[in-house]
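Input: a single structure, listed below in structure tokens.
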Amino acid sequence: MDTLCPRSLVVTESDYFERLEFESPLDLKLRSDVLGRTILFVGYSLKDLNLRLLLYKLKRTWDGTAYAKRRPLSFILLVRPDVVQEEVLGSRGVSPIVSDALDPDEALPEFFDRLLEMVRGGG
């Protein structure tokens, strides 16, 4: 497969299943960061099987240790309220931040503007 030529890219079911193992160097780095740092997920939902599996595996990892109460906070931006997603995410250790924007296309810029204002000490 020539990775420089997108037309030659073929993804098989086996490739997909192997990808779900989260064992590539990039996956190991992500898991390490999620285990040791506060994480903000943007652009994801529970419709994403990879995210659901990652959160499940991380919760299982934390629950198997004596340090579960020291787990860093993780957050996810949701552009629409969804009680089911909020509950599931909360059970997996991720606190949902639900946008106040009425227009989903405005949710992300508004969120980042508010976040920047808070970081700069104005909010």
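For this chain, numbers begin at 1 and follow the sequence in order. Note that this is a predicted model, so its numbers are computed, not measured.
- Between Phe41 and Ser74, the shortest heavy-atom contact is CE1-CB, 4.5 Å.
- In the hydrophobic clustering of this structure, Leu28 does not group with Tyr56; members are Ile, Leu, Val, Met, Phe, Trp, Tyr whose side-chain heavy atoms approach within less than 4.5 Å, directly or through other members.
- For residues 76-92, no residue pair satisfies the salt bridge (charged side-chain N to carboxylate O under 4.0 Å, His left out) rule, not counting sequence neighbours.
- Using modelled atom types, one side-chain atom of Thr61 and one backbone atom of Lys57 make a donor-acceptor pair closer than 3.5 Å.
- None of Leu40, Val94, Val98 except one satisfies the side-chain contact (heavy atoms from CB on, under 4.5 Å) rule with Ile76; the exception is Val94.
- At most 12 heavy atoms of other shown residues, nucleotides or ligands fall within 6.0 angstrom of atom CG in Leu102.
- In Glu23, the CD atom is crowded: over 12 heavy atoms of neighbouring residues, nucleotides or ligands sit closer than 6.0 Å.
- The shortest heavy-atom contact between Leu78 and Pro96 is CD1-CB, 3.8 Å.
- Interatomic distance, Leu77 CG to Phe112 CZ, rounded to the nearest 0.5 Å: 7.5 Å.
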Discussion item. Evaluate Asp100 against Phe111 for side chain to side chain contact (heavy atoms under 4.5 Å, CB included), listing each step before the verdict.
Written reply: CA-CA 9 Å; Asp100 294 331; Phe111 172 75; over 6 Å; no

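- Checking Asp33, Val34, Leu35 one by one against Arg37, the side-chain contact (heavy atoms from CB on, under 4.5 Å) holds for a single residue, Asp33.
- Summarising the geometry, atom CZ belonging to Arg52 is positioned 10.5 Å from atom CG belonging to Leu89; distances are rounded to the nearest 0.5 Å.
- Hydrophobic cluster membership is shared by Leu49 and Leu51, with clusters built from Ile, Leu, Val, Met, Phe, Trp and Tyr side chains linked at under 4.5 angstrom.
- Environment of CZ in Phe75: crowded, with over 12 heavy atoms of neighbouring residues, nucleotides or ligands closer than 6.0 Å.
- Residues Tyr44 and Leu53 share a single hydrophobic cluster, defined by chaining ILVMFWY side chains whose heavy atoms lie under 4.5 Å apart.
- Residues that satisfy the salt bridge (Lys or Arg N to Asp or Glu O under 4.0 Å) test with Asp27, not counting sequence neighbours, are Arg19.
- To the nearest 0.5 Å, atom CG of residue Leu54 and atom NZ of residue Lys59 are 14.0 Å apart.
- In terms of heavy-atom proximity, Gly93 sits nearest to Arg71 at CA-NH1, 3.8 Å.
- The two residues Ala107 and Ser99 make their nearest non-hydrogen contact at CB-OG, 3.3 Å.
- Summarising the geometry, atom CZ belonging to Arg114 is positioned 8.0 Å from atom CD1 belonging to Ile97; distances are rounded to the nearest 0.5 Å.
- Closest heavy-atom contact between Thr65 and Ala68: OG1-N, 3.5 Å.
- In this structure, Pro72 and Trp62 approach most closely via the heavy-atom pair CD-CZ2, 3.6 Å.
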